[in-house]
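One structure is given below, encoded as structure tokens.
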Number of protein chains: 4
Amino acid sequence: MVTTVESGDRAKQERRRQILTAAKAVFAEAGYHGASINAIIERAQIARGTFYLYFESKSAVFDSILDQAMTELRARIHRIEVDDPSAPAPQVQLRQQVLSTLEYFMGDRALATLLLTSGSTPEAEASERLEAFFAEIRSLIARAMTTGMEIGLIRKCQPALVAAAMLGMIRGVIEHLIAQGPQPPVDDTVTEMITIALRGVLK
Amino acid sequence: MVTTVESGDRAKQERRRQILTAAKAVFAEAGYHGASINAIIERAQIARGTFYLYFESKSAVFDSILDQAMTELRARIHRIEVDDPSAPAPQVQLRQQVLSTLEYFMGDRALATLLLTSGSTPEAEASERLEAFFAEIRSLIARAMTTGMEIGLIRKCQPALVAAAMLGMIRGVIEHLIAQGPQPPVDDTVTEMITIALRGVLK
Amino acid sequence: MVTTVESGDRAKQERRRQILTAAKAVFAEAGYHGASINAIIERAQIARGTFYLYFESKSAVFDSILDQAMTELRARIHRIEVDDPSAPAPQVQLRQQVLSTLEYFMGDRALATLLLTSGSTPEAEASERLEAFFAEIRSLIARAMTTGMEIGLIRKCQPALVAAAMLGMIRGVIEHLIAQGPQPPVDDTVTEMITIALRGVLK
Amino acid sequence: MVTTVESGDRAKQERRRQILTAAKAVFAEAGYHGASINAIIERAQIARGTFYLYFESKSAVFDSILDQAMTELRARIHRIEVDDPSAPAPQVQLRQQVLSTLEYFMGDRALATLLLTSGSTPEAEASERLEAFFAEIRSLIARAMTTGMEIGLIRKCQPALVAAAMLGMIRGVIEHLIAQGPQPPVDDTVTEMITIALRGVLK
DNA sequence: CATGAATGAGTCTTCATTCAT
DNA sequence: CATGAATGAAGACTCATTCAT
């Protein structure tokens, strides 16, 4: 009995995943408005009603996808620790976070596309949260800049502007990697990105 | 008679502009799918049928807007001339182009929003052309990098990746400026942007 | 031009009427829930979108129908004037009101059916107002009873109960008339109804 | 073995009742169309499939409820016996039947609501039978009137019309009692009702 | 017998587009 | 040229019913 229930639950989770995956792909291809429940259920190979057995509405799936992605990303991105001597060097921490983030996106192209393009999309309330998430990251970068200036690591600059530029740069690179097709050696890319950010392109 | 026709033509052009302006605002606010013909004609103060007198379809206005913007931008962005001794120094040329571009966007926020967010939106064929336009710019930057490397101005780097990063950075900054509200001193911003790109943020 | 506009308005009113009539019939046949927009537009010979050009929603038409009916009925039913010497005798007033009401219903069977059966139907807010309307009438009758008792015309009784019984009786008679088919001589019916109410059926 | 089967049958009957009770409440609250299988099974605390183990369809439960009610009512209402000297006086018989009917309804408000409002509801075939049932009662009253006229007890009147009025009156009163809330002294109400019917409200 | 996941026909509503005036 | 009434395809969502476990 217990086994039955458990396998039932597992099956349910499986279905949910299946729908989420289909929805993610459709949203990535067509955007929130352009995506139709029809397209999602066709891709997921389920009946119309089944969709609504697992999600309350179109915007609910959308929100669910973005929320999960933001959770995953938050787990990969933190403040860089500069005071704790037991922590790795700042540049190592930075590299680690960028690498981890890029790898996450490369592992789920559809999701990356979604994250990059769904800043618009009113209607779905998660969209605002996505914007808030980006603001959060910009703020993280800005504070890193301020700290860096204080400890003499970073040159005098406008932290907010630099943060906006950096986040844009990251997005640009991710877009580039996605457009490239399959697995590029993310490692070298990270090195290049960080170099650009820290030293620019001049000789 | 000729005068009448001419003034008629001028009036027609005026109407077209009026619709385009309204549409631009609506598209910027709601995105391609979220924008309704209704919203556009209300904003333009015209009747439903009149809209279709000037544009074939919803996507036609959208395309028209993007096309015009791309034309304007192409007029502001060129290859940087390094051989011609009569041309200004490369950094001056660069600065001029970036400044002109930013000023164009600041003068038309709605359009800037559109350009930044309409990478998604299938349906409207201009969206692909927009993607092509961005590719064009990335290619311009990439070639500038290659040239720069050849003449020993730029350090060894992956031009395509750098181009993606730079374009992303520009988009990030424009987003930032738009979000800021009214007229910031674009001039300083340009200086900062170029500094980041060329020298990074390290001291 | 004025003529055109006016005829346009008249045409619009005509359309509205056409839809209302169709809707009334469908609601009467199938009840609020059972009635589908499909059935209404088929009966009205219009396209789906046209319906929504004239009414916001299904419940809006329903409300509109009931509201209009209640307005019409209110115009036919008033407090019976017993003090004013210039007014007709109470029994004449009563007869007049009952007659007028019955004639109204006989002139629009579908509407009568609707009024008689839509006490249930939640969802449409007019349904509550209909219930309130019936309560209003019951209250009118109850007060008439009280007054009648005071002036010694009516025997001692429970006004509220009598009111409920009387309203029920009226509804029962209307149902009966509708079921009968075409034009019965409403006049005799009214006489009988009033006689039952005032003197009962005993010899 | 026999015992098991019997207890099984009894349990089955129990389940059936449980579902009927739940359904009755839901139908009374929401009407036939407004009632959902979902609401019924939630109220009955059973699984979706179980419902269909006991009833063929939604309309089948509905029919079953109405049928049972009609059976119960038929057991309470008969022709009034005027010839048999051993029978109670006609007015006593009348009183007994009205009282018994009212008590039945007061003991099951949900059912009363259902009976009063389900005259509409096509779809469920029992609705027609309900209409037939009402016709049956009207016919009973009409024949009582005719008989009454023949034996000089009732004044000259139109039996069919009087029957419709009387049935309407009964329904009006039941509605009134239900709306009142808990147990009013049904006895006095019956007296009033019969008085109205027989002698009217004039002094 | 009981369960509840799955189904898909059907519902209301929106909106880009057409066309008679 | 301008208008706006009319259209109907398409979209999101509900719910009675079925069936494998």
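Chain identifiers are assigned alphabetically (A, B, ...) following the order of the sequence lines, protein sequences preceding nucleic acid strands; residue numbering begins at 1 within each chain. All heavy atoms count here, side chains included; hydrogens, waters and symmetry mates do not.
Atom C1' of nucleotide dA2(F) and atom CD of Q45(B) are separated by 15 Å, given to the nearest angstrom. Protein atom CD of Q18(C) is 15 Å distant from nucleotide atom P of dA5(F), rounded to whole Å. Between Y32(A) atom OH and dG11(F) atom P there is a gap of 14 Å when expressed in whole angstrom units. In this structure, the CD1 atom of I46(A) is 20 Å from the P atom of dG4(E), given to the nearest Å. In this entry the distance linking CD of E42(D) with P of dC15(F) reads 12 Å, nearest Å. In this structure, I41(B) atom CD1 and dA5(F) atom P are separated by 11 Å, rounded to whole Å. The separation between R16(C) atom CZ and dA6(F) atom P is 13 Å, rounded to whole Å. When rounded to the nearest whole Å, the span between CZ of F55(A) and P of dA5(E) equals 15 Å.
How far CD1 of I19(B) is from CD1 of I40(B): 9.0 Å, rounded to the nearest 0.5 Å. Interatomic distance, L115(C) CG to L130(C) CG, rounded to the nearest 0.5 Å: 6.0 Å.
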Revision key, fill the gap. A correct 5'-to-3' footprint of nucleotides 15-20 of chain E, with B, S and - meaning base, sugar-phosphate only and no protein heavy atom under 4.0 Å, is BBBB--
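The minimum heavy-atom distance between S59(D) and Y32(D), with the atom names listed, is CB-OH, 3.1 Å.
Annotation: salt bridge (Lys or Arg N to Asp or Glu O under 4.0 Å) contacts of E128(D) (sequence neighbours excluded): none. In this structure K58(A) satisfies the salt bridge (Lys or Arg N to Asp or Glu O under 4.0 Å) test with no other residue, sequence neighbours excluded. Judged as a side chain to side chain contact (heavy atoms under 4.5 Å, CB included), and not counting sequence neighbours, the contacts of E125(C) are D63(C), R129(C).
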Side-chain donor-acceptor distances from residues 42-49 of chain D under 3.5 Å, at least two apart:
unit_1 : atom_1 : unit_2 : atom_2 : d
R43(D) : NH1    : E29(D) : OE2    : 3.3
R48(D) : NH2    : N38(D) : OD1    : 2.6

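Looking at DNA chain F, the stems built from 3 or more consecutive Watson-Crick or G-U wobble pairs, each pair with its key distances under 3.5 Å, are E:2-21 with F:2-21.
Aromatic ring pairs are classed by plane angle as parallel below 30°, tilted from 30° to 60° and perpendicular above 60°; the pair F27(A) and F62(A) is perpendicular.
When only modelled atom types and interatomic distance are considered, R16(D) and S64(D) share a side-chain donor-acceptor pair under 3.5 Å.
Look at R15(D) and you'll find a side-chain N or O under 4.0 angstrom from OP1 or OP2 of dA2(E).
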